[in-house]
Amino acid sequence: MKIELNWRNIKLFALIGLALVLWGHSHPIVNIIGQIFTMAALSLMAIQEIRNRSIFILTITFALLQLVTIIGTTVSLVHS
């Protein structure tokens, strides 16, 4: 199955991620899945904006920060 890369699909990934993060406030696994969707949306945005260097760098930076959050949440979940 091929997912077409357009702004509508990127917004869909971001909304799914946001909904899962908000719903997963008390469910860490759902929260992590939501963060992964959000990171995927940020990565897709970066791919769309690769021609505009400053937006590309900013979006990649946010995606990496999201990855750090995912790792931190996972480590916190494992150690609790």
Side-chain angles (χ1 to χ4, degrees):
M1 183 172 100
K2 182 180 177 187
I3 297 176
E4 186 177 334
L5 183 61
N6 59 34
W7 284 111
R8 182 172 175 247
N9 291 339
I10 292 172
K11 287 180 200 173
L12 183 64
F13 266 88
L15 285 173
I16 291 171
L18 179 63
L20 288 172
V21 166
L22 292 174
W23 181 54
H25 180 67
S26 57
H27 305 286
I29 301 295
V30 175
N31 192 316
I32 291 170
I33 294 169
Q35 290 176 16
I36 290 170
F37 268 90
T38 306
M39 189 179 72
L42 286 167
S43 300
L44 291 172
M45 275 190 239
I47 291 169
Q48 283 287 92
E49 294 297 329
I50 201 161
R51 288 174 235 94
N52 187 339
R53 185 175 179 191
S54 60
I55 293 176
F56 175 76
I57 291 171
L58 182 65
T59 309
I60 288 295
T61 303
F62 281 127
L64 290 174
L65 287 171
Q66 189 69 39
L67 180 61
V68 169
T69 305
I70 292 168
I71 291 169
T73 306
T74 306
V75 168
S76 172
L77 179 64
V78 169
H79 288 297
S80 63

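We're numbering straight along the sequence, starting at 1.
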Joint hydrophobic cluster, [X] plus [Y], side-chain heavy atoms closer than 4.5 Å:
| X | Y | answer |
| --- | --- | --- |
| I10 | L12 | yes |
| V68 | I33 | no |
| V21 | I29 | no |
| L67 | L77 | yes |

side-chain contact (heavy atoms from CB on, under 4.5 Å) evaluation trace for L20 with I36: CA-CA 10 Å; L20 288 172; I36 290 170; over 6 Å; no

Work out which heavy atom in [X] is nearest to a heavy atom in [Y]; give both atom names and the distance.
| X | Y | result |
| --- | --- | --- |
| A40 | F13 | CB-CD2, 4.1 Å |
| W23 | V30 | CE3-CG1, 3.2 Å |
| I60 | A46 | CD1-CB, 3.6 Å |
| A14 | A41 | N-CB, 3.6 Å |
| Q48 | N6 | NE2-CA, 4.3 Å |
| N31 | G24 | CB-O, 3.4 Å |

Would you say the side-chain atoms of T38 pair up with the backbone N or O of G34, donor to acceptor, closer than 3.5 Å? yes

Residues joined to L22 in its hydrophobic cluster, side chain to side chain under 4.5 Å directly or through other members, sorted by chain and number, are L18

side-chain contact (heavy atoms from CB on, under 4.5 Å) against V75, all qualifying residues, sequence neighbours excluded: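 For V75 the side-chain contact (heavy atoms from CB on, under 4.5 Å) partners, ignoring immediate neighbours, are I71, H79.
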
Report yes if some heavy atom in the side chain of F56 is under 4.5 Å from a heavy atom in the side chain of R51; otherwise report no. no

What distance do Q35 atom CD and L42 atom CG have between them, rounded to the nearest 0.5 Å?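 Those atoms lie 11.5 Å apart.
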
Would you please test L44 and N9 for side-chain contact (heavy atoms from CB on, under 4.5 Å) and show each step? CA-CA 9 Å; L44 291 172; N9 291 339; over 6 Å; no

